[in-house]
Amino acid sequence: MAQPALTRTGPGRSLWSGVLLGIGFMAAVDEIVFHQILAWHHFYDRSTPAVSLLSDGLLHASELVALVAGMFMMADLLRSRAFVPLFFWAGLFLGLAAFQLFDGVVDHKVLQLHQVRYGVPILLYDLAWNLAGLALLLIGALLWRRASRRRRAGP
């Protein structure tokens with residue numbers, strides 16, 4: 001059975017392994033630092049504490065699935081000598097940014113599942129959250145552009 005070119009090639013799969021690891025890593029940072037250590041919020045704060053705890057557990061399970069899938073994909077690429085580091089790093093930063101911006105824009109503002117912090121003026125927290133995501137997105141885009149140029153230039 002033929003696979004799409006993007007998933008069959010080393011650069012495409014390297015990019016996607018980085019994206020999965022980036023999403024999983026940033027979700028883990030959010031879960032561990034902001035949900036557990038600082039206790040600033042839970043994934044879903046609009047219900048009882050038990051539901052908030054359940055939502056954090058589901059987020060944690062999802063981040064582990066992303067991390068394991070990304071690691072297996074990366075291990076397969078390394079085994080088959082198809083791993084392309086620059087595409088991987090681009091994907092990693094794009095994945096970090098994807099989680100950060102999705103959480104900051106969709107979860108925080110559109111769906112209002114939770115806020116970064118409660119009981120304080122939220123504007124600076126929102127700006128820091130989303131500007132960090134934009135910085136990660138910019139780094140990922142620049143790395144992807146560099147990787148694509150190198151690939152087109154050839155070996």
- Task: Please report the C-alpha distance between His114 and His42 in whole Å, then the side-chain angles of each, then the deciding distance to 0.1 Å, and finally whether the side-chain hydrogen bond (donor to acceptor under 3.5 Å, both in side chains) criterion is met.
- Result: CA-CA 7 Å; His114 61 265; His42 298 283; over 6 Å; no
- Message: Grouping I, L, V, M, F, W and Y whenever their side-chain heavy atoms are under 4.5 Å apart, do Ile122 and Phe102 come out in a common cluster?
- Response: yes
- For His108 and Asp103, test the side chains for any donor-to-acceptor distance below 3.5 angstrom and give the result as yes or no. yes
- Query: Quick one: do Val33 and Leu96 end up in the same hydrophobic cluster if we chain Ile, Leu, Val, Met, Phe, Trp and Tyr together by side-chain heavy atoms under 4.5 Å apart?
  - Reply: yes
- State, yes or no, whether a side-chain contact exists between Val19 and Leu92 at a heavy-atom distance under 4.5 Å. no
- Going through the distances and angles, do Leu78 and Met74 end up as a side chain to side chain contact (heavy atoms under 4.5 Å, CB included)? CA-CA 6 Å; Leu78 290 169; Met74 184 179 179; 4.2 Å; yes
- Task: Quick one: closest heavy-atom pair of Leu77 and Ser17, and the distance?
- Result: CD1-OG, 4.1 Å
- Task: Nearest 0.5 Å please: distance from the CG atom of Leu137 over to the CG atom of Asn130.
- Result: 11.5 Å
- Query: What distance separates Leu15 CG from Met73 CE, expressed to the nearest 0.5 Å?
  - Reply: 10.0 Å
- Task: Answer yes or no: are there more than 12 heavy-atom neighbours, outside Trp144 itself, under 6.0 Å from its atom CH2?
- Result: no
- Task: Please report the closest heavy-atom contact between Glu31 and Leu59, naming both atoms and the distance.
- Result: OE1-CD2, 3.8 Å
- Message: Pair Ile32, Ile37 - check side chain to side chain contact (heavy atoms under 4.5 Å, CB included), show working.
- Response: CA-CA 6 Å; Ile32 294 167; Ile37 295 174; 3.9 Å; yes
- Message: Would a single hydrophobic cluster contain both Val68 and Leu21, if residues Ile, Leu, Val, Met, Phe, Trp and Tyr are joined by side-chain heavy-atom contacts under 4.5 Å?
- Response: no
- Are Gln112 and Asp107 close enough that some pair of their side-chain heavy atoms sits under 4.5 Å apart? no
- May I ask you to test the Tyr44-Ser52 pair for a side-chain heavy-atom distance under 4.5 Å? no
- Message: Taking the side chain as everything from C-beta on, heavy atoms only, tell me whether Arg151 gets closer than 4.5 Å to Val84.
- Response: no
- Does a side-chain heavy-atom distance below 4.5 Å link His41 with Asp30? yes
- Any side-chain heavy atom of Ser148 sitting closer than 4.5 Å to one from Phe87? yes
- Message: Are the side chains of Leu20 and Leu67 in contact, using a 4.5 Å heavy-atom criterion?
- Response: no
- Message: For residues Val106 and Leu136: do they belong to one hydrophobic cluster (side chain heavy atoms under 4.5 Å, members Ile, Leu, Val, Met, Phe, Trp, Tyr)?
- Response: yes
- Query: When rounded to the nearest 0.5 angstrom, what is the spacing between CD1 in Ile23 and OG in Ser62?
  - Reply: 11.0 Å
- Item | Note, Gln115 side chain near Asp126 side chain (heavy atom, < 4.5 Å) | yes
- Query: So, for Leu111 and Arg46, which heavy atoms are closest and what is the spacing to 0.1 Å?
  - Reply: O-NH1, 4.3 Å
- Measure from the side-chain N and O atoms of Gln100 to the backbone N and O of Trp129, and report whether any donor-acceptor pair falls under 3.5 Å. yes
- Task: Identify which one of Tyr125, Phe43, Tyr118, Trp40 satisfies the ring-ring contact (aromatic ring centres under 6.0 Å, His included) criterion when paired with Phe34.
- Result: Trp40
- Message: Under 4.5 Å between side-chain heavy atoms, counting indirect links through other Ile/Leu/Val/Met/Phe/Trp/Tyr residues: same cluster for Met71 and Phe99 or not?
- Response: yes
- Item | Heavy-atom closest pair, residues Gly133 and Ala97 | O-CB, 3.5 Å
